[in-house]
Engineer: 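The structure's right below; bear with me while I get my questions together.
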Amino acid sequence: MSPHDSDDGYRPDQVEAKWQARWAERHTNEPDLDRAERPFYNLMMFPYPSAEGLHVGNVFAFTGADVFGRFQRLRGKTVFEPMGFDAFGIHSENFALKMGTHPAELIPRNIANFRRQLTRMGGMFDWRHELSTTDPAYYKWTQWVFLQLYHAGKAYRKKAAVNWCPRDKTVLANEQVIAGACERCGAMVEQRFLEQWFFRITDYAERLLGNLDDPSKMDWSASTATAQRNWIGRSEGAEIEFPSDAGPIRVFTTRPDTLFGGTFLVLAPEHPLVDALTVPPWREAMEAYRKAIAARDLVSRKVGEKEKTGVFTGSTARNPATGQQIPVWVADYVLMEYGTGAIGGVPGHDERDFEFATKFRLPIVRVLAGPGETGATPLDGPAVDTEGFRLVNSGAFSELPAALGIKAIVAWLEREGHGKAQVRYRLHDWCISRQRYWGPPIPIIHCDGCGPVPVPEKDLPVVLPVIADFQPDDSGISPLARHKEWYEVACPGCGKPAHRETDVSDTFLDSGWYYLRFTSTEFDDRPFDDARVKRWLPVASYIGGNEHAVLHLLYSRFLTMVLHDQGRLAFEEPFRKFRAHGTIVKDGAKMSKTRGNVVIPDQYIARWGADTFRTYMMFLGPYEEGGDFRDEGLAGPRRFLDKVWELVQQCERATLVGNELHHAIVVKWHQTKQRVTEDLERLSYNTAIAALMELLNALRAVNCAERKIVKEFVIMLSPFAPHFAEECWERLGSKTSVFDAAWPSWDPGLTEESEMEIAVQINGKTRSKVRAVRGASEPDVVAAARRDPTVRKFTDGKELKKVVYVKDRLLNLVVG
RNA sequence: GCCGGGGUGGCGAAACUGGCAAACGCAAGGGACUUAAAAUCCCUUGGGCUUCGGCCCUUGGGGGUUCGAUUCCCCCCCCCGGCACCA
């Protein structure tokens, strides 16, 4: 008979149902938010409640975060672990359209399913503070956040070239365009000119960047911080003016040292000076070129063939350094959205300019030379990698090392009024307008007399009407505009007929502040309660995927900074600690429906139980790297739990546990406590579980079921297998939750054996081992080694040249 | 092209600041128990030699530093993720 089937065998389904019910009854996971003395806000990225239900990626992420939260709780913190749903957005809306069901009907169903699954996996969630971004009680405050930005002058409207997804029929943020395609649906993104709402995130570029290097504010996964740094894309350089007949042409460059090599200028096709600069013989060609570029979608412009194209304007501008008149061209390799939309062509030292100059037969001048080269050395290609180079053919600046040349030329430009040092960012302002239905309406009313007027706060929320006809169209106007009873409204300023803003806001605005709301869900008169926020924020630990490194995680930081600057928040960084978890693959391959290798958590939990599933997920690889999910692997953790169960039973039965403990067991026990604690602190879950397995194996080997050890074992296991641990804990005689127990401490004096085995190497190769008391001195160990027959075989008759001794570990005898 | 993260047994992996490579688990093989199977328990398991004492090789490849390198340095190859004409 299997121990699974025997009466006292471990029955995950029963145990898990019992403890989930009991946690709910006892309010085990509901901390007192107003009185917690050692608050620990344990946050994980709230999911989008898809119809498919919880994905393994979610379960992996949440389990890892939950393990950490439970560990903190056992260490005496009051842990707040909220959960909510990011339910607005295009993905929900598209799915609803596909199913022919209204999202308002679909979402609650999906949320109920998610809540069930999240409870089933044993998360320590405080459901009293559940939120959904689609709830008017929530998005009322999302709209309020918009208004705060508006009042702070950080929200503005402009007609701009935007990324238009022809399939989703909406504008996308730059962050949502992946290699020229829509992040959601994969359709090629087009360029459109629309009136859009933007947030001035670029005003915060320097702070967003600077705080990344401030450990007092942020302790983030290095990969995430790097991704943000690259995304913000700070470049130091200079803005230089090139006088022309149409006025000065401003150019941004990171390489002012190459100014003397600037033999032409290139403007982006959208540059405002193009018309003024283009003279008759070239007008027709220019018009055709600009039209062709405008018609082209951003994809082929950005990622298509990189063959250079361009048209001459017929005009020239003066290079302020050389005094020469140089031709002004227009080419699409210059982007209007970066820098000034115009560049100085330096073909000698820039690959793209070289290519362009070669194609259009423009002069190529060398202005930098390496050691041993003269300015006369011909170039066979652009000299781009110019470290250790010096300026040549650069008038008074010739012979200066390149780095000094930058400073000298910038100083000269500033002195002569030709330009100035400047810092530019790749980061663009955040476009938050979406011409869709399923989102919070932007709380603005457009009045012919007053212009855009913010909806008064007392009138929030601007409720999203439930309409049957929410299909988007090609007009670039939200479906809401088709609903007059909602659209037409009196102007809050003058009272005359006006109309509502019909765009809804980006979902990333919903998720940009949810961590503030969790603490205060019961208040309907304020977005977040000051006392609560003061106690619980910034977030102590945030765990999530790196796919949000530049989206959610950047926007959240920005919004927090704005609210901080308004005096509404004491901190400017919302997430003190952030860790990115890895990704799970199945049988060595990325999971996908077409491949048919998608892991459905419900099925595994039904078969193995949540505790085994959790333990396996945390064991299968390093948490921050992810790992390979294999069905065969679950057997290991399950056998492990079965053996712990037996151990607990053995402990229950034992009326007399008086056997003295092996010293080796005591050492192993203390070592394990240290290892598990340290491993959990750094999210090294797989090795923490391995350490517990080792201790279990050691106990079984000597048939030891010492009560004190078993109890501490159960505590250390509880973050991974919470229901199982509760059951064991109860059977070991406790009336309270294992999560109210104290995390075990270890005696540093007992984490090492009193006698050590020391590896003896001869010339770096391990040849033997000797035993010595802990902390033995070098001469003692050398003496012991020299008595060892194997060692003597290698050393006898040879001269001992050197001795390397690593205390308690290794002795290396170098002989020759 | 640039920026991250990787490459270690049949497989997932471990090795913290340079110090006994392969812990822990899976799978496989052998044995015990059983009428039998499952479950469980015990043993073996990086490769190659072996006179059974041991010996040699092995962390993607090549070089280097060091008494000693999976770990540090240089060059190269491959895989995964992100960015991509950003001046």
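Labels below follow one simple rule: chain letters A, B, ... track the order of the sequence lines, proteins then strands, and each chain is numbered from 1.
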Engineer: Which part of the nucleic acid does A:F794 contact within heavy-atom distance under 4.0 Å: base, sugar-phosphate only, or nothing?
Structural biologist: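 Sugar-phosphate contact only.
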Engineer: I want to verify a distance call: between B:C3, B:G54, B:A87, whose nearest atom is closest to the A:K793 side chain?
Structural biologist: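 Closest nucleotide to the A:K793 side chain: B:G54.
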Engineer: Quick one: is the NZ or CZ of A:R579 closer than 6.0 Å to the six-membered ring centre of A:W220, and within 45° of its axis?
Structural biologist: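 Geometry flag: not set, cation outside 6.0 Å or 45°.
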Engineer: Do A:K308 and A:Y333 form a cation-pi contact, if we require the NZ or CZ to be under 6.0 Å from the six-membered ring centre and within 45 degrees of the ring's axis?
Structural biologist: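 The answer is yes, since A:K308 meets both limits relative to A:Y333.
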Engineer: Taking B:C73 as the reference, what is the distance to B:U17 when you measure between their P atoms (whole Å, please)?
Structural biologist: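 That atom pair is separated by 13 Å.
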Engineer: Take atom C1' in B:A28 and the same atom in B:U50, then report the distance between them in whole Å.
Structural biologist: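 Those two atoms are separated by 26 Å.
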Engineer: Taking any heavy-atom pair under 4.0 Å as a contact, classify A:K765: base, sugar-phosphate, or nothing.
Structural biologist: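 The answer is sugar-phosphate, as A:K765 gets under 4.0 Å only of primed atoms, P, OP1 or OP2.
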Engineer: Go through the side-chain N and O atoms of A:E678 and A:Q674 and say whether any donor and acceptor fall under 3.5 Å apart.
Structural biologist: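 A pair is found: one side chain offers a donor N or O, the other an acceptor, under 3.5 Å apart.
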Engineer: A:D642 CG to B:U40 P: how many Å, rounded?
Structural biologist: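 Rounded to whole Å, this separation is 8 Å.
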Engineer: P atom, B:G18 versus B:A27: distance in rounded Å?
Structural biologist: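 My reading of the P atoms in B:G18 and B:A27 gives 37 Å.
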Engineer: Expressed as a whole number of Å, how far does the C1' atom of B:A87 sit from that of B:C79?
Structural biologist: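 That atom pair is separated by 33 Å.
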Engineer: Return the nearest nucleotide to the side chain of A:V334; candidates are B:G4, B:C3, B:A87.
Structural biologist: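 Side chain of A:V334 sits closest to B:A87.
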Engineer: Quick one: label A:R426 by what it contacts on the DNA or RNA (base, sugar-phosphate, nothing), any heavy atom closer than 4.0 Å.
Structural biologist: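 Base contact.
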Engineer: Going 5' to 3' through nucleotides 17-27 of chain B, assign each nucleotide B (protein heavy atom under 4.0 Å from a base atom), S (under 4.0 Å only from sugar-phosphate atoms) or - (no protein heavy atom that close).
Structural biologist: --BB--BBSSS
Engineer: At less than 3.5 Å, do the side-chain atoms of A:K590 and the base atoms of B:C80 form a donor-acceptor pair?
Structural biologist: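 Per atom types, no contact qualifies.
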Engineer: Taking only residues two or more places apart in sequence or in another chain, which ones pass ring-ring contact (aromatic ring centres under 6.0 Å, His included) with A:Y338?
Structural biologist: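 ring-ring contact (aromatic ring centres under 6.0 Å, His included) list for A:Y338, sorted by chain: empty.
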Engineer: Please state how far atom CE in A:M617 lies from atom C1' in B:G12, giving the value in whole angstrom units.
Structural biologist: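 Answer to the nearest Å: 15 Å.
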Engineer: Evaluate the ring planes of A:H581 and A:Y623, with Trp represented by its six-membered ring, and classify them as parallel (under 30°), tilted (30 to 60°) or perpendicular (over 60°).
Structural biologist: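 It falls in the tilted class, 30° to 60°.
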Engineer: Take atom CZ of A:R11 and atom P of B:A39, then tell me their distance rounded to the nearest Å.
Structural biologist: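 Taking CZ of A:R11 and P of B:A39, I get 18 Å after rounding.
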Engineer: Would you mind telling me which residue lines up with the more 5' stretch of RNA chain B, A:N546 or A:D350, judged by nearest nucleotide?
Structural biologist: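 Between the two, 5'-proximity favours A:N546.
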Engineer: Tell me if the aromatic rings of A:F629 and A:Y604 count as close, with their centers under 6.0 Å from one another.
Structural biologist: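 Yes.
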Engineer: Using whole Å, report how far CG of A:N703 lies from P of B:C42.
Structural biologist: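 Atom CG in A:N703 sits about 11 Å away from atom P in B:C42.
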Engineer: B:C56 phosphate, OP1 or OP2: any side-chain N/O from A:R767 under 4.0 angstrom?
Structural biologist: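 For B:C56, OP1/OP2 do have a side-chain N/O of A:R767 under 4.0 Å.
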Engineer: Provide, to the nearest angstrom, the distance between the CG atom belonging to A:D788 and the C1' atom belonging to B:G53.
Structural biologist: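 My rounded result for the distance is 13 Å.
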Engineer: Quote, to the nearest angstrom, the C1' distance that separates B:U71 from B:C52.
Structural biologist: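 Their C1' atoms lie roughly 35 Å apart.
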Engineer: Find which nucleotide of RNA chain B each of A:T226 and A:G339 is nearest to by heavy atoms, and output the residue with the more 5' nucleotide.
Structural biologist: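 Counting from the 5' end, the first nearest nucleotide belongs to A:T226.
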Engineer: Apply the syn/anti split at 90° from 0 to B:G53 and say which one it is.
Structural biologist: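 Syn conformation here, the glycosidic angle of B:G53 being no more than 90° from 0.
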Engineer: Which atom pair, heavy atoms only, marks the closest approach of A:L553 to A:F578?
Structural biologist: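 Nearest pair, atom of A:L553 first, then A:F578: CD1-CZ, 3.5 Å.
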Engineer: May I have the distance from A:K801 (atom NZ) to B:U66 (atom P), rounded to whole angstrom?
Structural biologist: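 Value for this atom pair: 15 Å.
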Engineer: For B:G68 and B:A13, measure between their C1' atoms and round to the nearest Å.
Structural biologist: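 Those two atoms are separated by 25 Å.
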Engineer: Between B:C11 and B:G4, how far apart are the two C1' atoms, rounded to whole Å?
Structural biologist: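 About 27 Å, rounded to a whole number of Å.
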Engineer: Just how far is it from atom CD1 of A:I584 to atom NE2 of A:H55, taken to the nearest 0.5 Å?
Structural biologist: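 Answer rounded to 0.5 Å: 10.0 Å.
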Engineer: Glycosidic conformation of B:G4, syn or anti, with 90° from 0 as the boundary?
Structural biologist: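 Because its glycosidic torsion lies more than 90° from 0, B:G4 adopts the anti conformation.
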Engineer: Looking only at side-chain N and O atoms, does A:Y425 offer a donor or acceptor that is under 3.5 Å from a partner on A:S235?
Structural biologist: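 On atom types as modelled, these side chains do not qualify, holding no pair under 3.5 Å.
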Engineer: Convert the base pairs of RNA chain B into dot-bracket notation, remembering that pairs crossing earlier ones are written with [ ] and that bases paired across to another strand are shown as |; include only Watson-Crick or G-U pairs under 3.5 Å.
Structural biologist: (((((((..(((......[....))).(((((.......))))).((((....))))..(((((..]....))))))))))))....
Engineer: Taking atom C1' in both B:G82 and B:C26, what distance in whole Å separates the two?
Structural biologist: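 32 Å, rounded to whole Å.
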Engineer: Tell me yes or no: between the side chains of A:T226 and A:S223, is some donor less than 3.5 Å from an acceptor?
Structural biologist: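 Checked: A:T226/A:S223 side chains show no N/O donor-acceptor pair below 3.5 Å.
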Engineer: Checking all strands, does A:S235 fall into the base, sugar-phosphate, or nothing category for heavy-atom contacts under 4.0 angstrom?
Structural biologist: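 Sugar-phosphate, backbone atoms only, no base.
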Engineer: How long is the line joining CD1 of A:I584 and C1' of B:A13, in whole Å?
Structural biologist: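 Checked: the CD1 to C1' distance equals 13 Å.
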Engineer: Please answer whether the main-chain N or O of A:E337 pairs with a side-chain N or O of A:H428 as donor and acceptor at a distance below 3.5 Å.
Structural biologist: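 Indeed, once roles are kept as given, a pair shorter than 3.5 Å links the two residues.
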Engineer: Look at A:E778 together with A:K807 and state whether they make a salt bridge at an N to O cut-off of under 4.0 Å.
Structural biologist: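 Salt bridge absent between A:E778 and A:K807.
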Engineer: Would you kindly give the NE2-to-P distance between A:H548 and B:G82, to the nearest whole Å?
Structural biologist: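 Between P of B:G82 and NE2 of A:H548: 13 Å.
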